[in-house]
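Right, one structure below, let's go through it.
Every value quoted in this text rests on a predicted model; they were computed, and no experiment measured them. Chain letters run A, B, ... following the sequence lines, proteins first and then strands; every chain starts at 1. The figures here come from the full heavy-atom set of this structure, side chains too, leaving out hydrogens, waters and symmetry mates.
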4 protein chains.
Amino acid sequence: MTGAQPTTGAQTARKKRANGVESRQRILDATVEIAGERGYEGTSIAAVSAKCGLPASSIYWHFKDKDDLIAAVIERSFESWLQAVELPGADAGTPLERATLMAVGVAKSLVDAPDFLRLGLMLALERRPTEPRGRTVFLQVRDIASRRITDVVRELFPDLDDASVAVLTTYAVAGADGLFIQREVHGDAIDLLAMFELHARLVHDAAVRLTGTE
Amino acid sequence: MTGAQPTTGAQTARKKRANGVESRQRILDATVEIAGERGYEGTSIAAVSAKCGLPASSIYWHFKDKDDLIAAVIERSFESWLQAVELPGADAGTPLERATLMAVGVAKSLVDAPDFLRLGLMLALERRPTEPRGRTVFLQVRDIASRRITDVVRELFPDLDDASVAVLTTYAVAGADGLFIQREVHGDAIDLLAMFELHARLVHDAAVRLTGTE
Amino acid sequence: MTGAQPTTGAQTARKKRANGVESRQRILDATVEIAGERGYEGTSIAAVSAKCGLPASSIYWHFKDKDDLIAAVIERSFESWLQAVELPGADAGTPLERATLMAVGVAKSLVDAPDFLRLGLMLALERRPTEPRGRTVFLQVRDIASRRITDVVRELFPDLDDASVAVLTTYAVAGADGLFIQREVHGDAIDLLAMFELHARLVHDAAVRLTGTE
Amino acid sequence: MTGAQPTTGAQTARKKRANGVESRQRILDATVEIAGERGYEGTSIAAVSAKCGLPASSIYWHFKDKDDLIAAVIERSFESWLQAVELPGADAGTPLERATLMAVGVAKSLVDAPDFLRLGLMLALERRPTEPRGRTVFLQVRDIASRRITDVVRELFPDLDDASVAVLTTYAVAGADGLFIQREVHGDAIDLLAMFELHARLVHDAAVRLTGTE
DNA sequence: TATGAATGAGGTTTCATTCAT
DNA sequence: TATGAATGAAACCTCATTCAT
């Protein structure tokens, strides 16, 4: 909603002018990078401070504590990931074509903006007694994304019963997570686009079969 | 005095048997639990010490350093996971039956012994400059498991070319990882066995299609 | 954004009247409360800011620094304590009656406005290398109060020599301090009025004896 | 040879030998001194570390946290104060003589070992939401001391009813506290022994009067 | 085979304060 | 008359590790 302001503000000649918005962005930028590599515990405020150039105490002006910072990172990187996903127009093509389009869009977004999912999965796998807020936030936004998949499945296969829709959604998300991990581990050896196309086709076939079964 | 209370309370006559093997096990047990909850960085020697009742210095008698400890945990939990997997006899049934049997075996093992994969995935997702040995170990043993899948695929579908086998293996592993994560996140709301059965069928169908295509 | 939320919640039309005097009062009110609970070091500007709703920088607009703030608090709470003491008319009654009246007045004031003495005694007991100005102020105003007692003693017992007057004054103040502490520690279990009446009587008797002795 | 080692600590030829008991004492010694001057918040671990020569982390080996350290200081300094009080034999003299003897003993102990009471009163005056354990400990040991006074009063004046004994005990303790504060504030200008003698006499007289009244 | 004691480095967070607006 | 933003210093505490016993 803030329009596109990717370029950090106007290049005013004097940069020492206190600029809260820009500082906040710089902190978040630095944090995404580090937390995406090292996870929650591995992200030290000192490292973030070093990377963004602001002293640690300034980070605490913008964020209550580390938990708050990580949660903010999750929120922001979810939003930018959402933008990276090219939502295919709800219009044309066979179900298979449309499923494939969607899968390819997601695959591309994961190649371009992998931070969100990498950090999120790290948080999701943890089972700390006191759950970091970032984990909660991740699971929430992930749930939103999940519901969109549910909607699409339901639209493409209107005859499916709820249980089947749920199963397919779960399987679709699981495949995406798993393929993402393969790509993270094996790098370019994995052709993520091709794998997601296969995934789309298999989910599609499963949907067709489940429809017929009923 | 404060430092990590060793033997809880009074000196019960027992326990005087300084038993290296048992101590090692206690340390590993404590470490699996903590590392499975909090990941590599989140696992502090002090926490392990508190949980197993041995002083931190004793941990260093058994393990060279933290890296070594985590790697040992990965190794041990891989072995106990291997034992949990019921390797189906290479004998009977149609390919679909055999694939399903295998998938179900893996699913059960992941429900019973989830530590290996949970901790392993956390390590796998991290990208720290100096890679922990535990991560290397995990990727290695995972590679071993991966190759077994490759073997089975090749055996069940002898006509498939190498590339297709690789794709199916990747997809099979990815699905397993992804479904495991769903289960970790949503708990019993996910029927892991049913999902793995579906997974087996879809991979099987894909194999069939890929065979025909050639 | 995190830093010390200023105006709680929505901008109610009110409050726009930037009123220096009122802000100053709010800051002092907050500071009395916190400093009376936690002493000099325990009183952080951030805590005062949180309690009074004004940002920390505003506190520095009203007061030069923390020392200045605490000193101002001491001054103000001394004044309000002075008002709480009902100075008995210098007119009627026997020495014992007048001493008792005075003691009761002080006791009541300490029950109603204990901040001055509580914070003051905390400061008085500390011995830091660079003495806070608040401590100096407290000791000064306390000295003023002390001299009034001296005057009354001298008036009630004109025959006493200076040394005896000094001893009685010291003892009177000490008793007041000590009884106040008892009350602070034991709360309503201490009947401060009764104890101060006893104190008045004992000081009176001492004065009588010292007069006779000479 | 240990020749290369830097020169911290005791002058014994070999100093590097880990000696828990002595270290603990050194830490406590340093802490009494600092906390007695600056109170709870004013006592920084870094300052204690600097004064005792041990690194901050070593302090945390011996004490769980700052709270624990301060509480230990209170306990130890109470014990050494108890030893400093010369408990007069329960045998000889008139009640006044015995009360005076006792008061003089306390006065001397307060001159020689004032840390206990100074720090304790600072803690006692604070009203933090989460009470430091040191405060609790102080109030407890103070209660013990208070009960001893009760016993003595009861023994010297067996005819007093319980309420009167309680009042006299409260007054006796209050006077001691107050006189101690006067001494802390005015230094040698206060003849603490003489003041305590006066205090003993006044309490004694009050006891006599209260006995007669009944 | 173990462990009590120690330690330097670094962790998160709070501190009092300043300054441009 | 205020305040958003920033900051260096220092707070408390935990870290992984070592070493003499």
Sequence neighbours excluded and cut-off under 3.5 Å, please list the side-chain donor-acceptor pairs for residues 122-129 of chain A, or say none.
{"unit_1": "A/E126", "atom_1": "OE1", "unit_2": "A/R128", "atom_2": "NE", "d": "2.9"}
{"unit_1": "A/E126", "atom_1": "OE1", "unit_2": "A/R128", "atom_2": "NH2", "d": "2.4"}
{"unit_1": "A/E126", "atom_1": "OE2", "unit_2": "A/R128", "atom_2": "NH2", "d": "3.0"}
{"unit_1": "A/R127", "atom_1": "NE", "unit_2": "B/E184", "atom_2": "OE1", "d": "3.4"}
{"unit_1": "A/R127", "atom_1": "NH2", "unit_2": "B/E184", "atom_2": "O", "d": "2.7"}
{"unit_1": "A/R127", "atom_1": "NH2", "unit_2": "B/E184", "atom_2": "OE1", "d": "3.2"}
{"unit_1": "A/R128", "atom_1": "NH1", "unit_2": "A/E41", "atom_2": "OE2", "d": "2.2"}

Ring pair (Phe, Tyr, Trp, His ring centres under 6.0 Å) partners of C/F116, counting only residues at least two apart: C/F78, C/W81, C/F138
Taking atom C1' of E/dT21 as reference, at what distance in whole Å does atom CG of A/N19 sit? 13 Å
Starting at CZ of D/F63 and ending at C1' of E/dA6, how long is that distance when rounded to a whole Å? 15 Å
Axial bend angle, the helix from E/dA2-F/dT21 to E/dT21-F/dA2: five-pair end segments, nearest 10°: 10°
Are any of [X]'s side-chain N or O atoms less than 4.0 Å away from OP1 or OP2 of [N]?
X	N	value
D/S58	E/dA5	no
C/S57	F/dA2	no
C/H62	F/dT1	no
C/S23	F/dA2	yes

Pairs of donor and acceptor atoms involving the side chains of residues 63-77 of chain B, under 3.5 Å and at least two apart or interchain, shall be tabulated with distances.
{"unit_1": "B/D65", "atom_1": "OD1", "unit_2": "B/D67", "atom_2": "N", "d": "3.3"}
{"unit_1": "B/D65", "atom_1": "OD1", "unit_2": "B/D68", "atom_2": "N", "d": "2.9"}
{"unit_1": "B/K66", "atom_1": "NZ", "unit_2": "B/Y40", "atom_2": "O", "d": "3.1"}
{"unit_1": "B/K66", "atom_1": "NZ", "unit_2": "B/T43", "atom_2": "O", "d": "2.9"}
{"unit_1": "B/D67", "atom_1": "OD1", "unit_2": "B/Y40", "atom_2": "OH", "d": "2.5"}
{"unit_1": "B/D67", "atom_1": "OD2", "unit_2": "B/R133", "atom_2": "N", "d": "3.0"}
{"unit_1": "B/D68", "atom_1": "OD1", "unit_2": "B/R133", "atom_2": "NH2", "d": "2.7"}
{"unit_1": "B/D68", "atom_1": "OD2", "unit_2": "B/K64", "atom_2": "N", "d": "3.0"}
{"unit_1": "B/R76", "atom_1": "NH1", "unit_2": "B/Q25", "atom_2": "OE1", "d": "2.7"}
{"unit_1": "B/R76", "atom_1": "NH1", "unit_2": "B/D29", "atom_2": "OD1", "d": "3.1"}
{"unit_1": "B/R76", "atom_1": "NH2", "unit_2": "B/D29", "atom_2": "OD1", "d": "2.8"}
{"unit_1": "B/S77", "atom_1": "OG", "unit_2": "B/V73", "atom_2": "O", "d": "3.1"}
{"unit_1": "B/S77", "atom_1": "OG", "unit_2": "B/I74", "atom_2": "O", "d": "3.3"}

Please work out which residues in residues 64-77 of chain B have a non-hydrogen atom less than 4.0 Å from an atom of DNA chain E and list them by number. none
Name every residue in residues 36-53 of chain A that has at least one heavy atom under 4.0 Å from any atom of DNA chain E, in order of residue number, or write none if there are no such residues. A/T43, A/S44, A/I45, A/A46
Identify the two heavy atoms, one from [X] and one from [Y], that lie closest to each other, and give their separation to 0.1 Å.
X	Y	answer
A/G36	A/L119	CA-CB, 4.3 Å
D/A56	D/I45	CB-CG2, 3.9 Å
D/V48	D/A30	O-CB, 3.9 Å

Could you pull out all residues at least two apart from D/S23 that satisfy side chain to side chain contact (heavy atoms under 4.5 Å, CB included)? D/L54, D/H62
Comparing B/W61 and D/I59 on DNA chain E - which has the more 5′ nearest nucleotide: B/W61
D/Y60 has a side chain; which of E/dA6, F/dT17, F/dT14 sits nearest to it? F/dT14
Strictly by side-chain hydrogen bond (donor to acceptor under 3.5 Å, both in side chains), give each pair with a member in residues 44-54 of chain A just once, sequence neighbours left out. A/E33-A/K51
Contacts of type side-chain hydrogen bond (donor to acceptor under 3.5 Å, both in side chains), residue C/T136, not counting sequence neighbours: C/E131
Nearest-0.5 Å distance that lies between atom OG1 in B/T31 and atom CG in B/D115: 11.5 Å
